[in-house]
Colleague: 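Below: one structure in structure tokens.
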There are 2 protein chains.
Amino acid sequence: MTTVDPAPRRRMRADARRNYERLLAEAATIFAEHGVEASLEEIARRAGVANGTLYSHFPTRQALLEALLRDRMQALSDKARDLLDHPSADEALLIWARAAMAHTTVYRGLVTSLMRSIEDESSHLHAACQAVLTAGEQLLNRAQAAGSMRADVTASDLYALINSVSWVGEQTSPAQGERLLAFGIDGMRSATDSR
Amino acid sequence: MTTVDPAPRRRMRADARRNYERLLAEAATIFAEHGVEASLEEIARRAGVANGTLYSHFPTRQALLEALLRDRMQALSDKARDLLDHPSADEALLIWARAAMAHTTVYRGLVTSLMRSIEDESSHLHAACQAVLTAGEQLLNRAQAAGSMRADVTASDLYALINSVSWVGEQTSPAQGERLLAFGIDGMRSATDSR
DNA sequence: TTGCCAAGTTGAGACTGTCTCAATATATTT
DNA sequence: AAATATATTGAGACAGTCTCAACTTGGCAA
């Protein structure tokens, strides 16, 4: 497993820290408004810094996204761990899948970045996405052991399903995304399972 | 139903026709190479015309895409009609779904345009997408009448499923897309159906 | 408290791209 | 051979990405 610096290596200078925080705050607002493809120039402008400052803190859009999502993605992984104690393995998986879907759709266009990042090891988001995938895998394995999910379903299948239905939700309506999630999960259930 | 001019209203001037064809040919090449977000300037350049000429023939990227895909989308609708005669309603649906998936992935990024266009009535691609959806609906209805698909599955569900798995195929691998298609269709099958 | 310098910021500049429109050119008609 | 409707041209206005040499400034050591 590759280690990623979760916090800046050394203490930042006060002004740098201030700018870093302001950039993150503005990015959150602007991504929420215009999606993750929003103008980085605009973010710098609204944060009151030159665009070079933004690039020095966040070399790529993905790096900015990673900093912005770090806590949320950690929370999602933690939630999977907690759900391992849920009485129903099957229900736990569904609950988590829905939570993952909600996370994946906080910003328009985010799901595409997240899907790309699981494939691309050089992405700033890769490690976080991998952690989420692994967290989901635990829940999946438990559901498979309980006999409610097909044995041939992989963690990648689950990750792809969640992302694809989030993408649908983004392109059409959240309700349509939910419908496809239900169909997809049903298709992954063991044949003996009731519907 | 809104009518769309399938061919230019009047005969074009010889030079215009020539440029129109060259632009289409170059667009096919360049979209195949770089996806549907490729530079329109580059297409004009390679076609040997000024970019204004491209914009005069195709006011938007979607208009260009529509002209480029017209035959292919017509063929997909026709194929659905033909498959209504297939002995197995269930198999016919699966064959068509796979053909639709293949069509949807000819150019990188195309699936996103196609999905957007079904929602956006002002899109140049809307009518063609609507026709494909309706064609799929016939096959779906037949499979439902035959008892192999759940009665509550809609044509929109099918359209969304095909596009979402195409998107997955594009983002990760065609094989992963195929897997999700199988799970999704299975989830849409009637409970009584064998797997 | 001063002065130094590593750390941080700046913003112009080199790109690439979209889209428009007045001037210009050319195919077709009469 | 004009007249004219039809097309083409390409500069220009604009927006965005990303870089980097010149400049500032925060924080520490003397």
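Nothing here was measured: the structure is a model prediction, and the numbers come from that model. The chains referred to below are lettered A, B, ... by the order of the sequence lines, with proteins before strands, and numbering in each begins at 1.
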Colleague: Give a yes/no answer on whether the side chain of His57(B) brings an N or O atom under 4.0 Å of OP1 or OP2 in dT8(D).
Modeller: yes
Colleague: When every nucleotide of nucleotides 24-30 of chain C is labelled 5' to 3' by its protein contacts under 4.0 Å (heavy atoms), B for base, S for sugar-phosphate only, - for none, what sequence of letters results?
Modeller: --BSS--
Colleague: How would nucleotides 10-21 of chain C be written as a contact map, 5' to 3', with B for base contact, S for sugar-phosphate-only contact and - for no contact, using protein heavy atoms under 4.0 Å?
Modeller: BBB----SBBB-
Colleague: Taking all heavy atoms of Met73(B) and all of Ala128(B), pick out the closest pair and write down the distance.
Modeller: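 Heavy-atom minimum between the residues: SD-CB, 3.6 Å.
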Colleague: List in chain and number order the residues that pass side chain to side chain contact (heavy atoms under 4.5 Å, CB included) with Asn141(A), two or more places apart in sequence or in another chain; answer none if no residue qualifies.
Modeller: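 For Asn141(A) the side chain to side chain contact (heavy atoms under 4.5 Å, CB included) partners, ignoring immediate neighbours, are Glu137(A), Gln144(A).
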Colleague: For Arg108(B), enumerate each residue passing the side chain to side chain contact (heavy atoms under 4.5 Å, CB included) test, keeping only those at least two apart in sequence or located in another chain.
Modeller: Glu170(B)
Colleague: Without decimals, in angstroms, what is the distance between Ile43(A) CD1 and dT17(D) C1'?
Modeller: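 Ile43(A) atom CD1 is separated from dT17(D) atom C1' by 13 Å.
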Colleague: Mind listing the side-chain donor-acceptor pairs of residues 23-36 of chain A below 3.5 Å, one per line with the distance, residues two or more places apart or on another chain?
Modeller:
residue: Thr29(A); atom: OG1; partner: Ala25(A); partner atom: O; Å: 3.2

Colleague: Check this for me: does any side-chain nitrogen of one of Arg189(A) and Asp186(A) sit under 4.0 Å from a carboxylate oxygen of the other?
Modeller: yes
Colleague: Mind calculating the distance between CZ (Phe58(B)) and C1' (dT8(D)) to the nearest angstrom?
Modeller: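 My rounded result for the distance is 15 Å.
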Colleague: Mind jotting down which residue pairs meet the salt bridge (Lys or Arg N to Asp or Glu O under 4.0 Å) criterion with at least one end in residues 92-104 of chain A? Sequence neighbours excluded, please.
Modeller: Arg98(A)-Glu178(A)
Colleague: Could you label the plane-to-plane angle of the Trp167(A) and Trp167(B) rings as parallel, tilted or perpendicular, counting under 30° as parallel and over 60° as perpendicular?
Modeller: parallel
Colleague: I need the minimum non-hydrogen distance between Ser117(A) and Gln62(A), along with the two atoms involved.
Modeller: OG-OE1, 3.3 Å
